[in-house]
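Read through the structure below, which is laid out as structure tokens, and then see the notes.
To find a chain, count down the sequence lines: A is the first, B the second, and so on, and within it residues start at 1. Computed from a predicted model, the values in this text were never measured in an experiment.
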Amino acid sequence: MNLSYLLDPAHWDLGASGGIPMLILDHLGYVALALLAGTIIALPVGLYIGHTGKGSFIAINAGNAGRSLPTLGLLMLMVTLLGLGLLPVLIALTVLVIPPILTSSYAGMRNVDQRVVDAARGMGMHPWQVLTRVELPMALPVMMGGFRNAAIQVVATATVAAAVGRSGLGRLLIDGLAVNDYSRVLAGAIVVAALAVLVDLFLALIQRWIVSPGLKGLS
Amino acid sequence: MITFEDVVKVYPGGGTAVDHLSMELPTGKMTVLVGPSGCGKTTSLRMINRMIEPTAGRILIDGEDVTAKNEALLRRGIGYVIQHAGLFPHRTVLDNVATVPVLTGSTRRAARAKALELLERVGLPEQFAKRYPAQLSGGQQQRVGVARALAADPPIMLMDEPFSAVDPVVRLQLHDEFLRLQQDLGKTIVMVTHDIDEALKLGDRVAVLREGGHLAQFGTPRDLVTNPADDFVSGFVGRDRGLRGLSFDSAADLPVQAVDGLSLDDAGRPLGWPSDSGLRPTNGTFTKEDSLRTVTDLVISSPVGIAVRVGPDGAADGLVSHHDLADHLASRRS
Amino acid sequence: MITFEDVVKVYPGGGTAVDHLSMELPTGKMTVLVGPSGCGKTTSLRMINRMIEPTAGRILIDGEDVTAKNEALLRRGIGYVIQHAGLFPHRTVLDNVATVPVLTGSTRRAARAKALELLERVGLPEQFAKRYPAQLSGGQQQRVGVARALAADPPIMLMDEPFSAVDPVVRLQLHDEFLRLQQDLGKTIVMVTHDIDEALKLGDRVAVLREGGHLAQFGTPRDLVTNPADDFVSGFVGRDRGLRGLSFDSAADLPVQAVDGLSLDDAGRPLGWPSDSGLRPTNGTFTKEDSLRTVTDLVISSPVGIAVRVGPDGAADGLVSHHDLADHLASRRS
Amino acid sequence: ADSDPLADEPAASGAAGGAVTVGSANFPESQLLAEIYSQALEGKGVTVTRKFNIGAREVYLKALQDGSISLLPEYNGALLAALSPNGVPESATSPDAVLAELKKVLPTGTEVLTQSAAEDKDTLTVTAETATKNNLKTIEDLKTIAPTLVVGAGPEFAERHQGIKGLEEVYGLKFKEFKALDAGGPLTINALKDGDIQVANIYSTDSSIVTNKFVVLEDPKNLYSSQNVIPLIRTEANNATVTGALDAVSAKLTTENLTAYLAQVQVDKKDIAVVATAFLSENGLK
Amino acid sequence: MIQYLQNNHVIVWQALQEHLYLALLPILFGLVIALPLGYLPVRFPKLYHPLVNTFGVLYSIPSLALFVFLPVILGTKVLSPINVIVALTIYTVALLARTVADGLRAVDAVVVQAATAMGYRRLRRLIEVELPIALPVILAGLRVATVSNISLVSVGSLIGIGGLGQLFTRGFQLFYMEPILIGIILSVVLAGIADLIIVLVQRAITPWTRAA
Ligand SMILES: Nc1ncnc2c1ncn2[C@@H]1O[C@H](COP(=O)(O)OP(=O)(O)OP(=O)(O)O)[C@@H](O)[C@H]1O
Ligand SMILES: Nc1ncnc2c1ncn2[C@@H]1O[C@H](COP(=O)(O)OP(=O)(O)OP(=O)(O)O)[C@@H](O)[C@H]1O
Ligand SMILES: [Mg+2]
Ligand SMILES: [Mg+2]
């Protein structure tokens, strides 16, 4: 295993367009946009289904069906349909993050102890207050679990963007592969895995911050 | 006063949970709903704060139909203690208790101060305030549940098997605390249990429900024990009816003999019964406030068959023998 | 006989759970361990089948140290009924009960036949056999737990709060069934509970443990009630000690008066006490097999202060008044 | 990793009856040629395993060396460039000269067969608009404006002598930016069309050049030397039958017919296998 | 699309077969490895977090990188399907071992104690009591792993081994939607069928979960 590419300071030049820092930035950009889009789409649906119990069959199966869509195929399909540009990458990655976010927000809501919800209603909370003050905070540990899963997955998978000519850490893999430079591929793999771990750690910190200590051990 | 007027609840797909229930629960008193599992106790209770809507009939609070009020506002004025406490796991004990005051517009600061006071009141010292429910024992959680329901100082409290999750020893302790609290507060309380002992001990009124949501009897604990309406009620009240009945009779009018043959200390307090092998313990004493049941027990457990009555200062002021008691009990008849 | 010889259990990091415990649990009898939460009951029980190893001391079964035997084999010979039943959720009721026979090499067919018989015995008809535990009520699950422990026909049974998960009414029912079963089977049973009533009702011997794993008293239920070793035991046995004590005294020697003034049917069975307003119910009768407690209760609850004794055929054969009872109770002294 | 006990297929075996694993690069022409080779070999009773679409030259040469594949369609000039670490000798410009040089540097255990007349060169291509505006005819004309232009090609272009390096050494071109896309594939072509890049590396046989009226810049300094299609094969997989079949194919291949058949794949979206069969039968090879 | 299928049914069929084999073998291997591995943290609870973290990192290595690296590490040939199989097995293990551990850890301690007290020895107890009870959780994990594997295989097409993924690259190179669409549909259908099979198996072997 050859770490020369990774350790070469020239590849860590902050400004260089093919440098690792820029690639990380682009990569994180895809990741963040996909997570944002996925959350906007999946979270309300998951919460609604979990809250009402209506359509849980759909939630579970849509989750699984979503997972079965091959990201690479979807990406290539989107490129042939929509042309180059950022949109195809975003669509493919968003489809990837929807299932874990959907199923975890659904499961988080389902797992909320109904007796507690009952107590909240019994104290005179309005439905919206029950949702925001009781159900959501209690569902958070499970929801964050799903979100972290989605994040790890999308960090690893965003590398396929390079297969359709986009930037991101996948460049190290695709370009390294194309010129038979294993050191570069290795650098890519390491940086991606490290980034995934860091993103996960970061989210774990957020989780600690927003999840009530009273729920420790309930996730 | 809470009035049930011909209330019926039929669950869609289920049978009749509550069947033409009419009763009046007096203000400032505790009414206990008791009956076997599935007889409609919880359903009846939850119709009061409209967690469940009746199929027919009306429920009035002080003459006003509960359906006339906004649901949420109605509930904020009614404390509700749920089985297993139903505490919010994500909030500290303090914030659990402060919930309703905050909901009703109190400042967080004021609500917390109030909550602290209430925790004190239910026997939880300040150091528990910052804990989360998961860090409390079952009995402590129940207390928080009660404190939380009291927080808005609601005139009415609903309690669904509030003491069922704790072991018998702790339960007895909670009962006593609760009775003391209620003496201070004088709330209108509706409580559900399936433990007849609990019902008889805590209730000012007891409503016995039977399968299918029928009211079998509504009355004071004494009514139930001494005049069960039917076999179902007498079966439910169980064995020892005679002895149980004695708990409602005061020992105040029980004639006593002069104190004699008992060793006393300087202050006149009983030391024991002299015998060949030294002093034998009295095994307890009673006062005028005790019940005939206590006296009966003392007579029987006394080594000499005589129970000792003491005055407020603890000095022996009378004796009751088997025969004295028998006379008194026999004379109550007819 | 199960012998505890100076048994000590100290959990790593915890305090002493069992402290120099010595006692002898007689063969063919039921011994109940009772005491407040955390006093070491479960720990003591589980050292018998080596689910927990003692820190010091020995436990012998019929003189043989339990550590001399292979763990798994030892356990197969000891039935264990765990709190909340601990049934295997993935096996039918029948296969749950058949587990140990299959483990010990019985054919599945034979084990199932046996299991079916046992289910019958604990009051579960055949149609329950194919169900899964989740399809049973709490009380039914407890019965399956008992049947499962009985399946290998072990001479010894350990039961950890076997009746705690069910409501009071069902619990009484299970108690009675269990006493009947034990009368047939005559196993050596060790049971844990924290309910003193249960202990006094079911145990041939009762061991009262106190905090810190000390044995406070070991004796028959009657010993405990009439001669509590110390304040802890008398406090634990609770109020009504006098009345409780009467449960152990038979009504057989209680002198009775001739039957008089009671309306009887043709077969001599009591109909009630005549009065101006018609017949008043006797509120129950007793036989020579009943306890003095039952008689006391009947006398008190009787509308005329007189309890009616009946013979095996149900015909009234004697009357007991308040004074008769008082005489008898008083005469038992000294 | 030269002898691998886990290898699941007898890929490297050049057994007498003939069993050949045919590979291809990851662009349609290479796949078409590989399919033509495969069908021709099958026609002669050779057992063929297809492992197409492997990747860039750097990758598939590795596969050839470790025996994962035993035959590939190659281009003599590009292959020579890839195998000459110190650059291609100036003299090697004619097909035969290239072939002679190539034979000197072939990895041991591999050989090339007769090369065909069909050529598919790497080109630098611009849109007609760019060409007119800047008056571009040859690569040399790019010299002044190169620093304002983005060039797009497969990722490997960045490191190759016949890519960015050679352009700088031979023509002194320094582009504003290099965009890694694909080897003359749709990314590159679309990027050129859309103006994301101004200069593209496209293969000369590519039908999109005609369709889009792209302008191929001339290569006066012969950076892209002759690029004749030539079979590259592992020696142990070769035998008379194989050589015979492949030589027959090479004899019929011309730049024109290759371009035409490739257009059937690229433009008409015909199946590669069908087009290959058509080639063989229309050229009397079947 | 029909047209394309008619013209290319041989290729599509081959791709489908290859896809199936590349996706399902790792599931099998992964399951076999994950069962004992997932049991470890049950036996030695201290191992739980280290194991979960390790699997988390493994799962975050991009598949393409793994496909490329395995030949270097294993000494396999670059085009050998073993690379893909090993890579996907690693992902399967990373997913499943955790599920197995979680499933086993979630088995009611009271039930385990009951079994011990009845005289079960450790191994038999694991096989007859703990594993069956953990099955619903494990199978739920297996469903996710299977479906993910089936969609991951196609990434292999970037290095020339990818089952239905070959249809993606082929279509992409020609800028031609049909093969991509066919590949996606077949991949999804394959995943759906595999998922359905697991669900049916689960229904058959865990009848008690439908009780109550
Ligand atoms: N949401 C519901 N839908 C249908 N039937 C219901 C519903 N809730 C309760 N029931 C039925 O109505 C009857 C009364 O239920 P309820 O909960 O009031 O009983 P309960 O007296 O509180 O019993 P427990 O002591 O077991 O709590 C029962 O037969 C129950 O099965
Ligand atoms: N595994 C353990 N490690 C450390 N301490 C323990 C452990 N198990 C029990 N203890 C402690 O040992 C003491 C006795 O526990 P045990 O479970 O025997 O009590 P118990 O009498 O059965 O109580 P309960 O009525 O609550 O079941 C308690 O203080 C308990 O906290
Ligand atoms: Mg209820
Ligand atoms: Mg215990």
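- With a threshold of 4.5 angstrom between heavy atoms, B/I78 approaches chain A through N, CA, C or O but not through any side-chain atom.
- If you tally non-hydrogen atom pairs under 4.5 Å between each of B/L103, B/T104, B/V100, B/L158 and chain A, the highest count goes to B/L103.
- Between the side chain of B/Q182 and the main chain of B/K187, a donor-acceptor pair closer than 3.5 Å is present.
- Interface remark: of the candidates A/R133, A/Q114, A/H126, A/R121, A/R121 forms the most heavy-atom pairs closer than 4.5 Å to chain B.
- Heavy atoms of B/R46 lying under 4.5 Å from chain A belong exclusively to its side chain.
- Residue A/Q129 touches chain B through its side chain alone, counting heavy-atom pairs closer than 4.5 Å.
- Among A/G124, A/A120, A/S212, the residue with the largest count of heavy-atom pairs under 4.5 Å with chain B is A/G124.
- A donor-acceptor contact closer than 3.5 angstrom is absent between the side chains of B/T193 and B/D195.
- The pair B/E71-B/R75 meets the salt-bridge criterion, since a charged nitrogen lies less than 4.0 angstrom from a carboxylate oxygen.
- Closest approach of A/Y106 to A/S56, counting heavy atoms only: OH-CB, 2.9 Å.
- A/Q207 and A/R148 share a donor-acceptor pair across their side chains, judged by distance under 3.5 Å alone.
- Here the closest heavy-atom approach between residue B/G86 and residue A/A119 is recorded as O-CB, 3.5 Å.
- Residue contact with chain B, scored on non-hydrogen atoms closer than 4.5 Å, is absent for A/P127.
- For the set A/M123, A/M138, A/R115, the count of heavy-atom pairs under 4.5 angstrom toward chain B peaks at A/M123.
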